[in-house]
Amino acid sequence: MIWLWILATVMAFYIKGLCGFANTLVFGSIAGFGASNVEITPVELILGFPANCVMTWTNKEHLKKKIFLPILLMVLAGSIVGAFLLKNLDARLVKLIFGGVVMAIGLNMLRKEFQKDTRKMPRPILTLIGIASGLLCGLFGVGVLAAAYVSEITENTTEFKANLSVIFIIENIVRIITYISLGVISFATLKQVAILLPFMLGGLFAGIFSAKVLNEAIAKKLVIVLLIISGLALVLMNS
């Protein structure tokens with residue numbers, strides 16, 4: 001059902017352009033009605049790589065090494081540590097716990113938005129979230145906790161999207177190499193990506209344009225709501 005793949009692509013990457021993340025959640029939720037995870041994941045991964053490059057280039061003026069470099073190192077470390085831990089971990093339990101953490105962070109951020117509370121999280125807690133986000137991203141390719149971390153330390157949604165996209169670019173490269181070595185990415189995968197690429201670009205640029213005309217306060221609340229929904233989805237899918 002190619003129309004289902006097209007719908008998933010347009011919707012997922014519209015959200016990507018608008019908020020900077022959650023495309024994996026949207027894509028998997030829609031495409032999952034007609035395909036299996038082994039078909040969906042490599043297609044979304046390869047489509048996501050150029051999307052992250054576009055997002056980074058579009059917002060390049062807002063890149064800050066002090067924001068993206070620490071969490072990038074944590075993600076890379078998470079990939080290495082994850083290779084050793086994955087055999088001995090209950091993946092569902094880990095995702096369940098991390099999903100709850102993401103929801104708690106999102107709800108706290110939403111509370112601060114409505115109460116006009118500008119206080120940042122204590123540095124030790126923020127560091128723990130960063131380490132956990134690196135593990136989650138490295139173990140399972142799930143970037144929602146990284147999004148929560150970056151959202152907490154950036155000043156606006158443009159800065160958030162720029163620095164998060166750089167992190168996702170490196171994570172994408174690591175996973176693409178891993179998938180190729182495991183034979184998960186096939187010629188059929190690349191053919192599907194070629195068909196969906198124009199729809200990805202259309203959805204992405206529509207989302208980027210929408211973000212430019214959207215009020216900054218509304219855009220930030222939308223990012224926070226998506227964080228909460230993403231955390232809830234992790235909990236529901238693994239409970």
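Treat the numbers as computed from the prediction; the structure is a model and nothing was measured.
- Proximity of L63 to N59: side-chain heavy atoms (C-beta onward) are nowhere separated by under 4.5 Å.
- Taking E39 as the reference, nothing meets the salt bridge (Lys or Arg N to Asp or Glu O under 4.0 Å) condition, with sequence neighbours excluded.
- Pairing each heavy atom of V235 with each of L96, the nearest pair is O-CD1, 3.4 Å.
- A continuous path of hydrophobic side-chain contacts links L107 to I153 [ILVMFWY only; heavy atoms under 4.5 Å].
- When all heavy atoms of A31 and A8 are compared, the pair lying nearest together is N-CB, 3.9 Å.
- A heavy-atom distance below 4.5 Å is not found between the side chains of F68 and S165.
- One N or O on the side chain of T189 and one on the backbone of S186 form a donor-acceptor pair closer than 3.5 Å.
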- Item | Intermediate values then yes/no, side chain to side chain donor-acceptor pair (under 3.5 Å), Y179 and T41 | CA-CA 10 Å; Y179 282 18; T41 301; 5.3 Å; no

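- With rounding to the nearest 0.5 Å, the separation of OH in Y149 from CG in N163 is 11.0 Å.
- Using modelled atom types, one finds no donor on one side chain facing an acceptor on the other under 3.5 Å when comparing T178 with S181.
- When the salt bridge (Lys or Arg N to Asp or Glu O under 4.0 Å) test is applied to K64, the partners found at least two apart in sequence or on another chain are E159.
- Taken from CG in N108 to CD1 in I224, the straight-line distance is 9.5 Å, to the nearest 0.5 Å.
- Within a 6.0 Å sphere centred on NZ of K191, other residues, nucleotides and ligands contribute 12 heavy atoms or fewer.
- Side-chain contact between L214 and L18 is present, with heavy atoms from C-beta onward closer than 4.5 Å.
- With hydrogens and angles disregarded, a donor-acceptor distance shorter than 3.5 Å links the side chain of K16 to the backbone of G20.
- A distance of 10.0 Å separates CD1 in I46 from CG in N172, rounded to the nearest 0.5 Å.
- Considering CD1 of I167 and CG of L69, their distance stands at 9.5 Å, rounded to 0.5 Å.
- Linking Ile, Leu, Val, Met, Phe, Trp and Tyr whenever their side-chain heavy atoms come within less than 4.5 Å leaves F209 and F160 in two separate clusters.
- Contact of the I15 side chain with the M11 side chain is not registered, since no non-hydrogen atoms from C-beta on lie closer than 4.5 Å.
- Hydrophobic clustering (side-chain heavy atoms under 4.5 Å, transitive across Ile, Leu, Val, Met, Phe, Trp, Tyr) groups I2 together with F27.
- When all heavy atoms of M200 and P50 are compared, the closest pair comes out as CE-CG, 3.8 Å.
- Note: H62 NE2 to T56 OG1 = 12.5 Å, rounded to the nearest 0.5 Å.
- Considering only heavy atoms from C-beta on, I40 comes within 4.5 Å of W5 through its side chain.
- In the hydrophobic clustering of this structure, I169 does not group with W57; members are Ile, Leu, Val, Met, Phe, Trp, Tyr whose side-chain heavy atoms approach within less than 4.5 Å, directly or through other members.
- Residues L204 and M55 have side chains in contact (heavy-atom distance under 4.5 Å, counting atoms from C-beta outward).
- No side-chain heavy atom of F205 sits less than 4.5 Å from a side-chain heavy atom of F13.
- Residue I71 holds its CD1 atom at 13.0 Å from CD1 of I170, rounded to the nearest 0.5 Å.
- Side chains of E171 and F49 form no contact here, defined as non-hydrogen atoms less than 4.5 Å apart.
- Here the closest non-hydrogen pair linking A211 and G17 is CB-O, 4.1 Å.
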- Message: Could you walk me through whether C19 and T157 satisfy the side-chain contact (heavy atoms from CB on, under 4.5 Å) test, starting with their C-alpha distance in whole Å, then the side-chain angles of each, then the deciding distance to 0.1 Å, before giving a yes or no?
- Response: CA-CA 7 Å; C19 297; T157 54; over 6 Å; no

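- F187 and V43 fall into different hydrophobic clusters, where Ile, Leu, Val, Met, Phe, Trp and Tyr are joined by side-chain heavy atoms under 4.5 Å apart, directly or via other members.
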